[in-house]
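Comments concern the structure below.
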Amino acid sequence: MTEILFYHMQRQPLEKVLPNLVERSLERRWRAAIQAASEERLQALDDHLWTYSDDSFLPHGTDRDPDAASQPVVLTLREGNPNAASIRFLVEGAELPPDAGDYERICILFDGSDQDALLRAREQWREAKDSGHAVAYWQQDESGRWQKKA
């Protein structure tokens, strides 16, 4: 059964949260797929993952790259699992993939200050529960640390 984690971002933006979560996934030796809903966001993430830290970067590619299957992290706008990822990150309201059950974990990251994003996350929560997935809800506390709320 796939574990689906919802990350309610309130204190830090996606650009701060996502690299840390991806780094943790790679430490587990999991390949990762990151799915965005727009070309603009995909390009911004592609650029950001190379430069988010002065002393580190996340090796990655997009699903359009000829070597996507060998990349530890692949960014995509589409369904499918181009690099045999164990974990998939969904950002900016990207849909739960039809093959959700093939992943160890799916992380849905949403902006707590965006009412549309909150409504979309609630829909995805219901969809995930109705599909029989294990779901958990994480919210940032005052210091920006993640607290499991449900």
Side-chain angles (χ1 to χ4, degrees), residues 1-46 48-49 52 58-65 67-142 144-150:
M1 173 165 316
T2 300
E3 182 179 32
I4 301 180
L5 307 180
F6 289 78
Y7 286 92
H8 185 159
M9 298 178 295
Q10 292 180 286
R11 305 280 178 223
Q12 298 171 325
L14 177 67
E15 292 76 17
K16 177 79 172 161
V17 171
L18 183 62
N20 291 327
L21 293 174
V22 173
E23 283 177 346
R24 287 183 177 162
S25 300
L26 294 177
E27 287 169 4
R28 289 179 166 210
R29 302 206 185 283
W30 285 355
R31 289 175 174 260
I34 301 169
Q35 183 177 349
S38 69
E39 184 64 41
E40 295 78 19
R41 174 63 80 179
L42 185 112
Q43 186 59 53
L45 289 173
D46 188 16
H48 182 67
L49 294 179
Y52 74 95
L58 284 168
H60 68 280
T62 70
D63 61 351
R64 294 174 282 219
D65 296 336
D67 65 343
S70 67
Q71 294 291 334
V73 179
V74 171
L75 289 89
T76 186
L77 295 173
R78 297 184 275 281
E79 297 173 359
N81 192 347
N83 64 337
S86 297
I87 186 167
R88 188 174 192 101
F89 295 91
L90 304 178
V91 300
E92 90 177 328
E95 298 284 332
L96 274 172
D99 62 349
D102 294 345
Y103 294 89
E104 294 281 329
R105 183 175 291 165
I106 293 177
C107 297
I108 298 172
L109 288 77
F110 62 98
D111 181 351
S113 64
D114 179 336
Q115 191 62 32
D116 290 336
L118 286 170
L119 293 173
R120 179 72 189 119
R122 288 183 183 131
E123 289 171 13
Q124 288 177 309
W125 176 275
R126 282 189 294 276
E127 181 183 345
K129 283 197 66 100
D130 290 348
S131 297
H133 297 291
V135 295
Y137 171 77
W138 293 82
Q139 187 175 33
Q140 288 179 307
D141 65 15
E142 297 298 321
R145 296 181 55 94
W146 294 104
Q147 301 293 320
K148 187 173 184 180
K149 298 290 186 172

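Scope of the values below: all heavy atoms of this structure, side chains included, with no hydrogens, waters or symmetry mates. Note that the structure is predicted; figures quoted are calculated from it, not measured. Numbers here are sequence positions counted from 1.
Applying the side chain to side chain contact (heavy atoms under 4.5 Å, CB included) criterion to Leu119, with sequence neighbours excluded, gives Gln115, Arg122. With sequence neighbours excluded, no residue satisfies side-chain hydrogen bond (donor to acceptor under 3.5 Å, both in side chains) with Ser86. For Arg145, there are no side-chain hydrogen bond (donor to acceptor under 3.5 Å, both in side chains) partners, not counting sequence neighbours. Residues satisfying the side-chain hydrogen bond (donor to acceptor under 3.5 Å, both in side chains) test with Asp111, not counting sequence neighbours, are Ser113. Applying the side-chain hydrogen bond (donor to acceptor under 3.5 Å, both in side chains) test to Asp67 and every residue at least two apart in sequence or in another chain returns Gln71. With sequence neighbours excluded, the residues forming a side chain to side chain contact (heavy atoms under 4.5 Å, CB included) with Glu40 are Ser38, listed by chain and number.
Looking only at side-chain heavy atoms (C-beta outward), Phe89 and Ser25 come within less than 4.5 Å of each other. For the pair Ile106 and Ile87, the minimum side-chain heavy-atom distance is 4.5 Å or more. Taking the side chain as every heavy atom from C-beta outward, Leu77 and Gln35 never approach each other to under 4.5 Å. Two residues are said to be in side-chain contact when any heavy atoms from C-beta on lie closer than 4.5 Å; Leu96 and Ile108 meet this criterion.
Rounded to the nearest 0.5 angstrom, Leu109 CG and Leu90 CG are separated by 8.5 Å.
For the pair Ala85 and Ala33, the tightest heavy-atom approach, listed with the atom from each and the gap, is CB-N, 3.6 Å. Annotation for Pro59 and Pro72: closest pair O-CG, 3.5 Å, computed over non-hydrogen atoms.
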Exercise for review: I would like to know whether Asn83 and Ser70 meet side-chain contact (heavy atoms from CB on, under 4.5 Å); could you show each step before the answer?
Suggested key: CA-CA 6 Å; Asn83 64 337; Ser70 67; over 6 Å; no

Review point. Is there a side-chain contact (heavy atoms from CB on, under 4.5 Å) between Asp63 and Leu75 once you walk through the steps?
Key: CA-CA 6 Å; Asp63 61 351; Leu75 289 89; over 6 Å; no

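Thr76 contributes a side-chain N or O that, together with a main-chain N or O of Arg78, makes up a donor-acceptor pair within less than 3.5 Å. At least one donor-acceptor pair closer than 3.5 Å links the side chain of Asp114 to the backbone N or O of Ala117. Asp65 places a side-chain N or O within donor-acceptor distance of the main-chain N or O of Thr62, the cut-off being under 3.5 Å.
When the options Asp46, Leu45, Val74 are evaluated for a side chain to side chain contact (heavy atoms under 4.5 Å, CB included) with His60, the one that passes is Asp46.
Residue pairs meeting the salt bridge (Lys or Arg N to Asp or Glu O under 4.0 Å) criterion with at least one member in residues 26-39, sequence neighbours excluded: Glu39-Arg64. For the salt bridge (Lys or Arg N to Asp or Glu O under 4.0 Å) condition, the pairs that include at least one residue of residues 79-104, sequence neighbours left out, are Glu95-Arg120.
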What pairs of donor and acceptor atoms, side-chain ones from residues 1-21 against any protein atom, are under 3.5 angstrom apart with sequence neighbours left out?
unit_1	atom_1	unit_2	atom_2	d
Thr2	OG1	Ala100	O	2.7
Thr2	OG1	Gly101	O	3.4
Thr2	OG1	Tyr103	O	2.8
Glu3	OE1	Arg105	NE	3.1
Glu3	OE1	Arg105	NH2	2.9
His8	ND1	Tyr137	OH	2.4
Gln10	OE1	Gln139	NE2	2.9
Arg11	NE	Asp141	O	3.3
Arg11	NH2	Glu142	OE1	3.0
Arg11	NH2	Glu142	OE2	2.8
Gln12	OE1	Gln140	NE2	2.9
Glu15	OE2	Arg41	NH1	2.7
Asn20	ND2	Lys16	O	3.2

